[in-house]
Number of protein chains: 2
Amino acid sequence: MASLGELERAVMDLLWAGQEAATANTLRDLLAQSTQPQDGSAGHVGKDLAVTTVLTVLSRLERKGLVERERGTRPHRYQAVSSRADHTAELMHEVLGSAPDREAVLARFIGSVTDNEAETLRKLLGRS
Amino acid sequence: MASLGELERAVMDLLWAGQEAATANTLRDLLAQSTQPQDGSAGHVGKDLAVTTVLTVLSRLERKGLVERERGTRPHRYQAVSSRADHTAELMHEVLGSAPDREAVLARFIGSVTDNEAETLRKLLGRS
DNA sequence: AATTACTTCTACGCCACGTAGAAGTTGCTC
DNA sequence: GAGCAACTTCTACGTGGCGTAGAAGTAATT
């Protein structure tokens with residue numbers, strides 16, 4: 001219940017970026033442009049997808065519990081269930097949770113964190 | 001480059017558990033028993049696999065860089081490249097790394113950590 | 001009622017993974 | 001050193017997730 005496909009991730013990124021709920025069409029358009037805004041002159045690289053494709057992906061994301069849709073409005077509006085930060089943190093816990101040696105894992109994790117982040121963590125934890 | 005299948009994970013668990021390199025046959029036997037050591041009387045649940053199956057999985061794990069094999073010895077001996085803790089910590093970094101808002105993620109992560117673990121983290125981080 | 005906009009259903013190709021037989025290779029034994 | 005036994009590699013099939021989208025169904029608009 002963790003990994004996302006490439007397109008699924010792209011859609012989630014858009015949903016996480018915009019604060020408001022979006023329609024499939026909107027997302028389709030955003031996908032058509034994003035990914036490579038700056039472009040010499042050749043073809044743009046943003047995927048030019050069929051709307052149904054986006055809808056399929058959104059359905060799958062809904063099934064996975066990552067996305068929520070308003071069914072009332074005619075063009076259904078989709079939005080992420082939780083923020084990217086929340087979701088990522090959840091993922092980290094998922095990864096950590098599967099380990100019987102949590103402390104050891106945390107030790108290794110901390111060991112390879114940047115100084116800045118270590119500082120952030122200290123602040124977040126407060127001193128005992 | 002992250003997720004493992006069920007069998008792949010079972011094999012890694014065995015390799016991580018035992019400190020020494022193991023052969024495909026050994027692993028096959030361990031897989032046949034483990035998973036449900038305690039058993040009323042009915043059939044055991046440990047997978048009874050063909051050795052080739054184990055070998056295939058080991059090859060795939062090798063390709064993924066999780067396992068290393070001694071090709072010299074006749075029954076090749078396999079072992080995990082890094083400890084489970086290292087691997088898990090690495091995974092956590094992978095998950096975290098893909099986020100543009102690392103600090104926010106860390107905040108959420110810390111927010112939902114158990115008290116014990118928070119304490120552990122404080123110790124690990126030491127004073128500034 | 002017909003047209004249009006939107007959603008759901010169905011589907012196909014690809015790739016990872018569980019699974020394992022067939023074929024090839026190496027080493028031991030007599 | 002010929003043959004058997006053990007081991008590895010090759011090939012393959014079924015299943016399921018994902019990218020992709022057309023066909024079919026449903027609702028809103030005029």
Side-chain angles (χ1 to χ4, degrees), chain A residues 1-15 21-32 34-36 44-79 87 91 94 98, chain B residues 1-15 21-32 34-36 44-79 87 91 94 98:
Chain A
M1 211 213 264
S3 66
L4 298 188
E6 198 173 343
L7 179 53
E8 290 176 329
R9 172 151 297 277
V11 168
M12 285 313 295
D13 277 343
L14 288 175
L15 290 178
T23 71
N25 258 296
T26 306
L27 291 170
R28 194 209 75 91
D29 293 345
L30 290 175
L31 285 168
S34 68
T35 311
Q36 237 96 354
H44 62 114
V45 187
K47 304 249 173 183
D48 217 329
L49 300 170
V51 193
T52 51
T53 299
V54 179
L55 282 168
T56 300
V57 167
L58 283 168
S59 290
R60 289 175 182 164
L61 288 171
E62 189 186 26
R63 171 154 37 94
K64 292 185 189 180
L66 290 184
V67 155
E68 201 168 52
R69 85 170 89 183
E70 303 169 23
R71 275 198 143 83
T73 66
R74 193 38 175 142
H76 294 180
R77 300 181 75 77
Y78 300 78
Q79 63 192 326
H87 175 253
L91 264 193
E94 234 171 74
S98 70
Chain B
M1 210 215 266
S3 67
L4 297 188
E6 198 173 342
L7 180 53
E8 289 176 331
R9 174 151 297 277
V11 168
M12 285 313 294
D13 278 343
L14 288 175
L15 289 179
T23 70
N25 259 297
T26 306
L27 291 169
R28 195 209 76 90
D29 293 344
L30 289 174
L31 284 168
S34 69
T35 312
Q36 236 96 355
H44 61 113
V45 189
K47 305 250 174 182
D48 217 330
L49 300 170
V51 194
T52 50
T53 300
V54 180
L55 281 167
T56 301
V57 168
L58 283 169
S59 289
R60 288 175 182 163
L61 287 172
E62 189 185 25
R63 170 153 38 92
K64 291 185 189 179
L66 291 185
V67 154
E68 199 168 54
R69 86 169 90 183
E70 302 169 23
R71 275 198 144 83
T73 67
R74 193 39 173 140
H76 293 180
R77 301 182 74 78
Y78 300 78
Q79 62 192 326
H87 175 252
L91 265 191
E94 235 170 72
S98 71

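All chains are named by letter (A, B, ...) in the order of the sequence lines, taking the proteins before the strands, and each is independently numbered beginning at 1.
- Taking only side-chain nitrogens and oxygens, B:Arg69 comes nearer than 4.0 Å to OP1 or OP2 of D:dT9.
- For the pair B:Arg74 CZ and D:dC4 C1', the interatomic distance rounds to 14 Å; values are reported in whole Å.
- A close approach under 4.0 Å does not occur between any side-chain nitrogen or oxygen of B:Arg60 and OP1 or OP2 of C:dT19.
- For D:dG22, neither phosphate oxygen OP1 nor OP2 lies less than 4.0 angstrom from any side-chain nitrogen or oxygen of A:Thr52.
- Distances shown here put a side-chain N or O of A:Asn25 below 4.0 Å from the OP1 or OP2 atom of C:dC6.
- Between A:Met12 atom CE and D:dC18 atom P there is a gap of 13 Å when expressed in whole angstrom units.
- Separating the NE2 atom of B:His76 from the P atom of C:dG24 is a distance of 18 Å, rounded to the nearest angstrom.
- To the nearest angstrom, C1' of C:dT7 lies 16 Å from CZ of A:Arg28.
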| request: For side-chain contact (heavy atoms from CB on, under 4.5 Å), just list the numbers for A:Thr53 and A:Leu7, CA-CA rounded to whole Å, side-chain angles, deciding distance to a tenth of an Å, and then say yes or no. | output: CA-CA 10 Å; A:Thr53 299; A:Leu7 179 53; 3.9 Å; yes
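- Each of A:Leu4 and A:Leu49 has a nearest nucleotide on DNA chain D; the 5'-most of these lies closest to A:Leu4.
- Taking every side-chain heavy atom of B:Lys64 into account, C:dC17 is the closest of D:dC7, C:dA5, C:dC17.
- The CZ-P distance, from A:Arg9 to D:dC18, rounds to 12 Å in whole Å.
- Taking 4.0 Å as the cut-off between side-chain N and carboxylate O, A:Glu6 and A:Lys47 do not count as a salt-bridged pair.
- Rounded to an integer number of Å, the gap from B:Leu58 CG to C:dA16 P is 18 Å.
- Atom CD in A:Glu6 sits roughly 16 Å away from atom C1' in C:dA16 (whole-Å rounding).
- With C:dT7, C:dA20, D:dG19 as the choices, the nucleotide that has an atom nearest any side-chain atom of A:Leu55 turns out to be C:dT7.
- Out of C:dC6, C:dT19, D:dT9, the shortest distance to the side chain of B:Arg71 is found at D:dT9.
- Whole-Å rounding puts the B:Glu8 CD to C:dC17 P distance at 5 Å.
- One finds no side-chain N or O of B:Thr53 lying less than 4.0 angstrom from the OP1 or OP2 phosphate oxygen of C:dG18.
- A close approach under 4.0 Å does not occur between any side-chain nitrogen or oxygen of A:Lys47 and OP1 or OP2 of D:dA21.
- In this structure, CG on B:Leu27 lies 10.0 Å from CZ on B:Arg77, to the nearest 0.5 angstrom.
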| message | Go through it in stages, so that I can follow the logic: the residues are B:Thr23 and B:Thr73, the test is side-chain contact (heavy atoms from CB on, under 4.5 Å), and I'd like the CA-CA distance, side-chain angles, deciding distance and then a yes or no. | response | CA-CA 10 Å; B:Thr23 70; B:Thr73 67; over 6 Å; no
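- Salt-bridge formation is not detected for the pair A:Glu8/A:Arg60: no Lys NZ or Arg NE/NH1/NH2 atom is positioned less than 4.0 Å from an Asp or Glu carboxylate oxygen.
- Annotation: of the two residues near DNA chain C, B:Thr56 and A:Val51, the 5′-most nearest-nucleotide partner is A:Val51.
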